[in-house]
Amino acid sequence: MKLYDTLSRELKEVRINDRSLTMYVCGLTPYSEPHLGHAMKAIVFDVLRRYLEYSGFEVIHVENITDIDDKMINAADQNNTTVTEIAKENTKIYFDQMYALNVLKPHIIPKATEEIETIINIIKTLQEKDYAYAAEGDVYFRVRKSDQYGELSGRSLDGLKSGARVDLNPLKEDPLDFVLWKSKKQEEPSWQSPWGEGRPGWHIECTAMVNRYLGSQIDIHGGGQDLIFPHHENENVQSEAFSSSRPMSNHWVHNGLLRFGDDKMSKSIGNLVSVSDVLSQFSADAVRLFFLTSHYRSPLTFTEEAIASQEAAISRLKNALTPSNKTSSNKVLEINQDVDLFESAMNNDLNTPQALAILFGIVTKINQAKSFGEDIVPAQEVLRKLSKVLGFTLQNDKVLPDNLLSEVLDFTNQIKAKILDSGNTDILHKLSDVVLDDINVGKLDNNKRNAYLVNLLDAITEIRNYLRTNKLYELSDFVRDGLAEMDVVLEDSKDKSFWKYSG
RNA sequence: GGCGACGUAGCCAAGUGGUUUAAGGCGGAGGUUUGCAAAACCUUUAUUCGGCGGUUCGAAUCCGCCCGUCGCCUCCA
């Protein structure tokens with residue numbers, strides 16, 4: 001597989017030792033609820049991981065939580081709570097949402113506050129190697145000591161300097177030096193260190209975690225493009241200075257940023273769309289498909305319409321996986337070639353749009369073969385497998401709403417009345433078997449209520465099918481239209497009908 | 001000011017020198033199927049890739065200029 005490497009600015013074969021592969025992805029600073037940009041990043045690297053695993057690699061995936069820094073402290077102050085609380089809360093929300101989005105959990109999720117010892121040791125080594133210097137309780141990284149500062153983000157020290165807005169900190173030897181350790185101010189959380197009480201600077205935690213959990217050289221280092229400078233630039237030079245081995249990462253992989261309107265989605269601009277907002281409106285699969293229809297390195301603009309339109313595409317995908325109700329031909333649908341094409345698309349810098357084109361091509365082939373009565377079972381299995389590589393659940397995650405049962409019960413009575421009026425009383429026993437007249441619906445627990453509702457809808461569907469096959473169209477249309485008003489859609493096939501909830 | 005990316009149909013979005021007179025999805029139109037629908041299938045929807053020049057036997061794809069949009073240079077996935 002070839003992947004674009006930000007450092008060398010070219011596509012490079014993913015090099016691996018012993019079929020195992022280390023991947024570090026920059027995670028969350030949990031000072032507020034995650035936004036869709038976080039979800040996009042998570043899904044990009046989730047698909048990368050899933051595909052590498054599909055290709056036979058054992059991936060060790062580490063994703064950090066930076067649970068101490070300026071923003072954490074400010075957020076805690078503003079909300080009148082502690083850094084620990086706010087970190088705990090937002091981290092939980094994040095991983096719950098990632099679970100909902102079917103994002104695989106990283107194998108190791110280190111937290112900055114639990115790596116203080118490692119961080120201190122690394123800073124000490126950097127100081128011994130003359131890459132760092134202490135000043136009044138702070139420790140700074142000496143940027144000019146490193147030959148390759150700027151190589152990752154493609155900028156020069158002089159260029160950075162002329163770019164204005166450098167902060168004038170008299171403790172720094174050079175304005176571009178960055179802080180490794182910050183001395184304690186007021187009531188901030190702090191830890192004991194050789195330089196006095198303080199806390200880690202922003203970039204050092206990643207160096208510590210990479211080294212501790214994955215070693216001094218890793219295969220893939222990931223994050224959003226906005227992290228290239230200064231975060232990854234600084235992390236890169238300090239890591240290499242620390243370990244004296246380079247490259248720190250064989251691949252630096254950066255996803256394009258999510259935009260909203262004309263700007264990127266960002267906390268500082270305030271144009272955020274939260275993951276929970278989106279998940280309350282759209283299925284996880286549609287959200288995922290929205291991200292995967294564009295290449296991971298391109299910017300992508302969020303619009304509700306764009307995600308909404310993916311719902312239809314997901315239904316098509318799911319529909320191709322429903323069983324055939326007749327297999328009359330001996331011909332078995334062959335799609336081996338499509339699998340090859342899918343893999344070459346993915347091998348080409350994770351080209352998910354192209355891979356999706358192949359996937360939908362398989363959908364069309366299955367649908368065609370289905371109508372010819374060919375054996376589509378093996379092809380469906382392959383389609384399911386490839387869909388899983390992209391992380392689709394293909395579950396019907398439309399939850400039946402709480403009030404649906406009482407609506408359906410009301411409607412059931414209307415159906416009864418209609419049928420009685422028409423004189424076709426013999427049909428009614430089909431309903432009577434299912435409807436529990438004296439049941440107290442409110443007392444059922446969720447599972448039972450849901451099961452009851454499903455049985456009821458099955459029974460109504462069956463009755464409607466009976467009406468239809470007996471050409472009682474007025475009654476059967478009444479049933480179908482009534483269900484449609486409750487967002488329950490009936491679909492007829494040759495000799496059976498199905499219902500599905502589309503709300 | 002410095003560094004970088006992008007501009008493809010109504011919308012989203014691949015393709016980066018010839019197999020492409022440009023994938024795929026959404027949407028639209030017509031048809032098949034259906035009691036009518038839904039779903040599905042078939043046909044159709046960019047002679048053309050922001051504009052103008054150039055290189056080449058050949059360019060959406062390479063080069064130059066212009067127009068437009070965006071990112072990074074400050075916290076950010």
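Quantities reported herein were computed from a predicted structural model and do not represent experimental measurements. Within every chain, numbering begins at 1; the chains are lettered A, B, ... in the order of the sequence lines, protein sequences first and strands thereafter.
Around the CD atom of Glu10(A), the shell of radius 6.0 Å holds more than 12 heavy atoms that belong to other residues, nucleotides or ligands.
Between Ile73(A) and Val83(A), the shortest heavy-atom distance links the atoms CA-CG2, 3.9 Å.
Between G24(B) and U45(B), the two P atoms lie 12 Å apart (nearest whole Å). A distance of about 15 Å separates the C1' atoms of G17(B) and C49(B), rounded to the whole Å. Comparing A22(B) with G68(B), their C1' atoms are spaced 23 Å from each other, to the whole Å. Comparing the same atom, P, in C12(B) and in G7(B) gives a spacing of 12 Å after rounding to whole Å. The separation of A59(B) from U21(B), taken at their C1' atoms, amounts to 14 Å, rounded to a whole angstrom. For U61(B) and U69(B), the P atoms lie 22 Å apart once the distance is rounded to whole Å. Between A5(B) and C41(B), the distance separating the two P atoms is 40 Å to the nearest Å. When the P atom is used for both G27(B) and U33(B), the distance is 23 Å, rounded to whole Å.
Base-pair partner of A22(B): not found among the strands shown (Watson-Crick or G-U wobble, both distances under 3.5 Å). In a base pair of the Watson-Crick type (N1 to N3 plus N6-O4 or O6-N4) or a G-U wobble (N1-O2 and O6-N3), with each distance short of 3.5 Å, G17(B) is matched with no nucleotide. Across all strands shown, U32(B) forms a Watson-Crick or G-U wobble pair, both distances under 3.5 Å, with A40(B). Across every strand in view, G71(B) sits in a pair with C3(B) that passes the Watson-Crick or G-U test at under 3.5 angstrom. Of the nucleotides present, U45(B) is the one that pairs with G27(B) by Watson-Crick or G-U wobble criteria, both distances under 3.5 Å. Summarising the base pairing, G64(B) is matched to C52(B) through a Watson-Crick or G-U wobble pair whose two defining distances lie under 3.5 Å.
Computed from coordinates, the Phe282(A) CZ to G25(B) P distance equals 20 Å when rounded to whole Å. Remark: P of U16(B) and CZ of Arg9(A) are 21 Å apart, rounded to the nearest angstrom. Note: CD1 (Ile358(A)) to P (G25(B)) measures 11 Å, nearest angstrom. Nucleotide A13(B) holds its P atom 11 Å from the CG atom of Leu258(A), rounded to whole Å. The separation between Leu152(A) atom CG and C3(B) atom P is 18 Å, rounded to whole Å. Computed from coordinates, the Leu490(A) CG to A38(B) P distance equals 13 Å when rounded to whole Å. Rounded to whole Å, the distance from CZ on Arg297(A) to C1' on A14(B) is 13 Å. At whole-Å resolution of the value, CD in Glu235(A) and C1' in C75(B) are 16 Å apart.
Closest to the Ala357(A) side chain, of the nucleotides A23(B), A39(B), G35(B), is A23(B). Among the nucleotides C72(B), A39(B), A13(B), the one closest to the side chain of Pro353(A) is A13(B). The side chain of Asn255(A) has A77(B) as its nearest neighbour among C36(B), A77(B), A39(B). The side chain of Ser476(A) has G35(B) as its nearest neighbour among A14(B), A40(B), G35(B). The nucleotide whose nearest atom lies closest to any side-chain atom of Gln310(A) is, among C36(B), C72(B), G25(B), G25(B). Comparing atom distances between the Leu257(A) side chain and each of C75(B), A14(B), G71(B) picks out G71(B) as nearest. Considering only side-chain atoms of Ala313(A), the nucleotide from A38(B), A14(B), G25(B) that sits closest is G25(B). In the set C72(B), A37(B), A14(B), the nucleotide with an atom closest to the side chain of Asp492(A) is A37(B). Here the side chain of Gln354(A) is nearest to one of C36(B), C41(B), A14(B), namely A14(B). When distances run from any side-chain atom of Arg316(A) to the nucleotides A40(B), C72(B), A39(B), the shortest one goes to A40(B).
Between Arg259(A) and the phosphate of C70(B), there is no side-chain N or O to OP1/OP2 separation shorter than 4.0 Å. Between Thr352(A) and A13(B) there is no side-chain N or O to OP1 or OP2 distance below 4.0 Å. OP1 or OP2 of G15(B) lies within a sub-4.0 Å distance of a side-chain N or O belonging to Asn351(A).
For the pair Lys105(A) and Tyr99(A), the cation-pi criterion (under 6.0 Å, within 45° of the ring axis) is not fulfilled. A cation-pi contact, defined as under 6.0 Å to the ring centre and within 45° of the axis, is absent between Arg259(A) and Phe302(A).
Tested against Lys182(A), the residues Asp70(A), Asp138(A), Asp69(A) include a single salt bridge (Lys or Arg N to Asp or Glu O under 4.0 Å) partner, Asp70(A).
Here His295(A) lies in heavy-atom contact (under 4.0 Å) with sugar-phosphate atoms only. Looking at heavy-atom distances under 4.0 Å, Ser294(A) makes contact with sugar-phosphate atoms alone, never a base. At the heavy-atom level, Gly361(A) lies nowhere under 4.0 Å from the strands shown. When heavy atoms are screened at a 4.0 angstrom cut-off, Arg288(A) is found touching no nucleic acid atom at all.
Salt-bridge formation is detected for the pair Arg468(A)/Asp492(A): a Lys NZ or Arg NE/NH1/NH2 atom is positioned less than 4.0 Å from an Asp or Glu carboxylate oxygen.
For the pair Glu462(A)/Asp458(A), no side-chain contact is recorded, criterion being any heavy-atom separation below 4.5 Å from C-beta on.
Atom-to-atom distance recorded for Ile108(A):CD1 and Leu214(A):CG is 6.5 Å, nearest 0.5 angstrom.
Ring pair His232(A)/Trp252(A) is tilted by interplanar angle, where 30° to 60° counts as tilted.
At a cut-off of 3.5 angstrom, counting only N and O atoms as typed in the model, there is no donor on one side facing an acceptor on the other between the side-chain of Asp226(A) and the base of G71(B).
Between Val489(A) and Phe360(A), the residue whose closest nucleotide on RNA chain B is further toward the 5' end is Phe360(A). For the pair Leu300(A) and Gly256(A), nearest-nucleotide mapping onto RNA chain B gives the more 5' position to Leu300(A).
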